[in-house]
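Just so you know, these numbers use all the heavy atoms, side chains as well, and skip hydrogens, waters and symmetry mates.
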Amino acid sequence: MSNERIKKVAGLYIHIPFCRFKCMYCDFYSSSDKETLIPEFVKALIIEIEQCQVETKDLEIETIFIGGGTPSLLKSKYIHSIVNALHKKHKIDNVKEFTIEANPGEASKERLKNFLKLGINRLSIGVQSLNPNILRFLTRTHSPSEVFETFQNARDIGFKNINCDLLYSIPNQSWNRWSKDLKEIIKLKPDHISAYALTSEKGTQLFRLIKEKKITMPLDEQKSKWFLDTHNMLKNNFYMPYEISSFSKRGYECQHNLNYWKILPYFGYGPSAYSYDGTKRWQNINSIDSYIKKLKSHKSPLHFSETINKKNKTNEIIGFGLRTKSGIFFDRIPKVYSRKFKKNLKSVMKKWERVIIVDKNFIKLNQSGFLFADAIAIDLMI
């Protein structure tokens, strides 16, 4: 047997916290009035990458994801500087999937072309809806025509891996409108579709409007029916679900997100970004100004750090595993918890027998079971 260490797979995440306009439902950290800070922010980000103390030589960096915010707002020269810094700090020659997020109408054909030249090979477009009224409700600033233009531009210049993000179960959205959107997106033949039911997250404008009874969300019964009907429509068009909200053509599953769900290491740069090395998880401060100030002074932008014990990691394996089509592999449950897990599984099988699939090697949920994934995970946890 070779003495060479087996390399673990890891991902890199870069958080770009700038938006032209803050969407009313979004709880990711971003700011819509600080674009003048972009040059200073990029300098700070490069300092953070350069002074990173985490040793990654025994890790195979296979994925990079530039998210936000709206990363495509950054000029190509800034993305170029960031990618150069990553090359100097990490071994990223073997990266298989390099994603950048873009909003329709906010990434010119020339900018997309430059992204491709930098090695970015996957584009994630924030479509959300093709209905002008729904887009206005969601406080999105693009038009439906800009969706088609951005998508076609990306294809024309050579992007062979494109994801479209979509939202459904939105107040005043009919099934006919949603299914029409879905059919129009399917006609574009993207390689991946993310279809999320709109949820109300604490701290968002949507959360406040619901609390003030100015907005009423669709009933749970409708959300459940739409969830199942959406899954069926996408499957019938060869977009296979591999996670609760993620669908792809064969071979186009998002590897970066799969790494998260498999609890593999990842390292984040930028305000609010999380990192995880297999033992510890930490997060940066979620303030652009404080982030720049700290890094200018060559101080750490760290907000908090915690050690993930074996029990908590096991529960994460359970929670994330149930969200995926492959489910939870029994051999990932540590032996010290296997008896407790099997005991929990017995009661779960009685309670949820219609939606759970158990094999000698794994436990997973059927399509209807995805509706109850969180509740089942809680029942299974150690």
Side-chain angles (χ1 to χ4, degrees), residues 5-11 13 27 54 58-60 62-63 196-197 199 201-202 220 223-224 227 231 241-246 253-268 272-283 302-382:
R5 286 188 189 178
I6 296 170
K7 292 201 173 187
K8 275 188 182 178
V9 172
Y13 175 75
D27 69 332
V54 179
D58 290 327
L59 294 169
E60 195 72 54
E62 287 197 345
T63 66
Y196 304 100
T199 54
E201 304 293 346
K202 205 170 182 180
D220 287 345
K223 283 172 74 174
S224 298
F227 176 89
H231 270 243
Y242 65 98
E243 188 269 343
I244 285 178
S245 306
S246 305
E253 298 84 359
C254 179
Q255 296 306 311
H256 188 83
N257 286 343
L258 278 170
N259 284 352
Y260 288 146
W261 300 322
K262 290 174 182 174
I263 329 289
L264 293 173
Y266 52 87
F267 302 99
S272 80
Y274 278 91
S275 299
Y276 171 68
D277 65 2
T279 304
K280 285 186 177 179
R281 183 176 288 121
W282 59 96
Q283 186 193 21
L302 192 70
H303 168 57
F304 92 98
S305 176
E306 62 178 345
T307 299
I308 309 297
N309 61 36
K310 192 177 277 191
K311 183 178 178 180
N312 287 344
K313 186 173 180 180
T314 302
N315 285 334
E316 288 187 7
I317 288 168
I318 292 166
F320 283 113
L322 281 188
R323 291 183 61 87
T324 64
K325 188 173 173 59
S326 55
I328 307 161
F329 286 89
F330 286 126
D331 61 6
R332 290 206 72 197
I333 305 295
K335 284 184 180 177
V336 67
Y337 297 123
S338 60
R339 184 179 290 182
K340 171 69 172 162
F341 181 75
K342 283 173 184 174
K343 185 182 175 185
N344 292 352
L345 182 56
K346 274 188 181 178
S347 58
V348 162
M349 285 170 69
K350 287 177 186 173
K351 184 177 176 181
W352 302 98
E353 61 179 339
R354 292 184 180 179
V355 298
I356 209 158
I357 300 163
V358 180
D359 183 88
K360 62 179 180 180
N361 298 317
F362 62 81
I363 165 178
K364 64 181 182 179
L365 303 177
N366 62 23
Q367 185 171 289
S368 297
F370 276 151
L371 288 167
F372 312 103
D374 291 342
I376 297 169
I378 290 167
D379 288 346
L380 266 176
M381 284 179 184
I382 307 302

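Residues K280 and D277 approach most closely at N-OD1, 2.6 Å, considering heavy atoms. Residues I317 and I263 come closest through the heavy atom pair CG1-CG1, 4.0 Å. The minimum heavy-atom distance between S275 and G268, with the atom names listed, is OG-N, 2.8 Å. Across all their heavy atoms, A377 and G319 have their closest contact at CB-CA, 4.0 Å. Shortest non-hydrogen contact noted between V348 and I376 is CG1-CG2, 4.0 Å. For the residue pair L322 and A373, the shortest heavy atom distance occurs at CD1-O, 4.1 Å.
Looking at residues two or more places apart in sequence or on another chain, you find no side-chain hydrogen bond (donor to acceptor under 3.5 Å, both in side chains) involving W261. Shown here are the side-chain hydrogen bond (donor to acceptor under 3.5 Å, both in side chains) partners of Q255, two or more places apart in sequence or in another chain: there are none.
Side-chain atoms of E60 never come within 3.5 Å of backbone atoms of E62 as a donor-acceptor pair (strictly under, hydrogens ignored). Proximity of a side-chain donor or acceptor of Y242 to a complementary backbone N or O of C254 within less than 3.5 Å is detected. Remark: the backbone N or O of S272 is paired with a side-chain donor or acceptor of Q283 at under 3.5 angstrom. The closest donor-acceptor contact from the side chain of S246 to the backbone of E243 lies at 3.5 Å or more, if one exists at all. At least one donor-acceptor pair closer than 3.5 Å links the side chain of N344 to the backbone N or O of M381.
A perpendicular orientation is assigned to the rings of H256 and Y260, their planes being inclined by more than 60° (bins at 30° and 60°). Classification of the F341-F330 ring pair by plane angle, with boundaries at 30° and 60°, yields perpendicular. The aromatic rings of Y276 and Y266 lie tilted to each other, with the angle between the two planes from 30° to 60°.
For the atom pair N257 CG and F320 CZ, the distance stands at 10.5 Å (nearest 0.5 Å). The distance from the CG atom of N361 to the OG atom of S326 is 12.5 Å, given to the nearest 0.5 Å. To the nearest 0.5 Å, atoms CG (D359) and NZ (K364) are separated by 8.5 Å. One finds the CH2 atom of W352 at 10.5 Å from the CG atom of L380 (value rounded to the nearest 0.5 Å). Separating the CZ atom in F227 from the OG atom in S368 is a distance of 9.0 Å, to the nearest 0.5 Å. The distance from the CG atom of N315 to the OH atom of Y337 is 8.5 Å, given to the nearest 0.5 Å.
In this structure, the side chains of I363 and I356 come closer than 4.5 Å at one or more pairs of heavy atoms. Side-chain atoms of K202 and D27, non-hydrogen and from C-beta on, never get closer than 4.5 Å to each other. In this structure, the side chains of F267 and L59 come closer than 4.5 Å at one or more pairs of heavy atoms. Within the 4.5 Å cutoff, no side-chain heavy atoms of L258 are placed close to those of L264. Side-chain atoms of I333 and I318, non-hydrogen and from C-beta on, do get closer than 4.5 Å to each other.
Applying the salt bridge (charged side-chain N to carboxylate O under 4.0 Å, His left out) test to residues at least two apart or on different chains, the pairs with a partner in residues 370-382 are K351-D379.
For the salt bridge (Lys or Arg N to Asp or Glu O under 4.0 Å) test with E316, the passing option among R281, K262, R323 is R281; the others fail.
Residues W282 and Y274 place their aromatic rings such that the two centres sit no closer than 6.0 Å.
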